[in-house]
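For reference, the structure discussed in these notes is given below.
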Amino acid sequence: MPSHGGQHQAKRADARRNVRAILDAAAVCLSRDPDASVAEIARTAGVGRVTLYGHFASRAELVDAVVARAIEEGDAALDQVDLSGDARDALVRLVEQSWLTIVQIGSLVTAAFDALSEERMRELHARPMQRVEGLVERGRAEGVFRTDLSATWLVGTLHRLMHGAAAEIEAGRLAPAEAATTIAATALAAFTPPGRPVPEVGALATRRLS
């Protein structure tokens, strides 16, 4: 006869499996349709709505959890980006990987903007933004990024460029394959000190490979 402890462990294991299934289903459903309903997500996860609401009290709480997980996974990938050497080269590498992360998150971002407050979105992006801020500060110290504008403004500019590119792709005005290069080129133009030549993204990439 199973012990109460064994039953408790089995229930906890079932709960973990259910949470994982719900988050996986939410990621799929919300990427396909940012307005996907709780009922659709529960159906895809293979659980009832009562079970889903037992783990997530509201749709907003579920969206928060799935977006937080996606950002955390993307942030782990950004941890692998080499940010050493010239800050401008590092910026291009960071933009390229960050854009891949945004593409992978896809419509989750749209769902998050609809369901979560601006303050919560800032909280979720805090660690990725700290990475960019550290790189911007180093570039300013090296004299390759401008100091007449605040580091916070430059970091915010890059963030807005990323989301602006996503909007341009959705509107059909920017080819997805050109997004990372377009973002990096625009960021370099915005970050370069006045009067200094703006490096070309292609030239930086060639220099890295040579």
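Given the structure is predicted, the values throughout are model-derived calculations rather than measurements.
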Would you mind checking if Asp24 and Arg17 are paired as a salt bridge, meaning a charged N to carboxylate O distance below 4.0 Å?
-> no
Salt bridge Arg140-Glu137, side-chain N to carboxylate O under 4.0 Å | yes
4.5 Å side-chain heavy-atom contact, [X] and [Y]:
X	Y	answer
Thr192	Val144	no
Arg88	Phe145	yes
Arg131	Leu83	yes
Val28	Ile41	no

Provide the closest heavy-atom pair for [X] versus [Y] in the form atom of the first, atom of the second, distance.
X	Y	value
Leu91	Leu158	CD1-CD2, 4.0 Å
Leu94	Val132	CD2-CG2, 3.9 Å
Leu154	Ala190	CD2-O, 4.1 Å
Leu188	Pro199	CD1-O, 3.7 Å
Arg59	Pro34	NH2-O, 2.9 Å
Arg146	Pro194	NH2-CG, 3.6 Å

Could you check Arg49 against Glu40 for salt bridge (Lys or Arg N to Asp or Glu O under 4.0 Å), going step by step and ending with a plain yes or no?
-> CA-CA 9 Å; Arg49 289 180 63 180; Glu40 182 183 347; over 6 Å; no
To the nearest 0.5 Å, what is the distance between [atom1] ([X]) and [atom2] ([Y])?
X	Y	atom1	atom2	value
Ile183	Leu161	CD1	CG	7.0 Å
Thr152	Glu133	OG1	CD	5.0 Å
Gln97	Leu78	CD	CG	5.5 Å
Thr181	Glu200	OG1	CD	11.5 Å
Arg43	Cys29	CZ	SG	8.5 Å

Are Tyr53 and Phe56 linked, directly or through other ILVMFWY residues, by side chains that come within less than 4.5 angstrom of each other?
-> yes
Taking only residues two or more places apart in sequence or in another chain, which ones pass side-chain contact (heavy atoms from CB on, under 4.5 Å) with His55?
-> Ala15, Asn18, Val19, Ile22, Thr51
Between Trp99 and Arg93, is there a cation-pi geometry (under 6.0 Å to ring centre, at most 45° from the normal)?
-> no
Glu142, CD: over 12 other non-hydrogen atoms inside 6.0 angstrom = yes
Quick check: does any side chain N or O of Arg160 sit under 3.5 Å from a backbone N or O of Val155, one acting as donor and the other as acceptor?
-> no
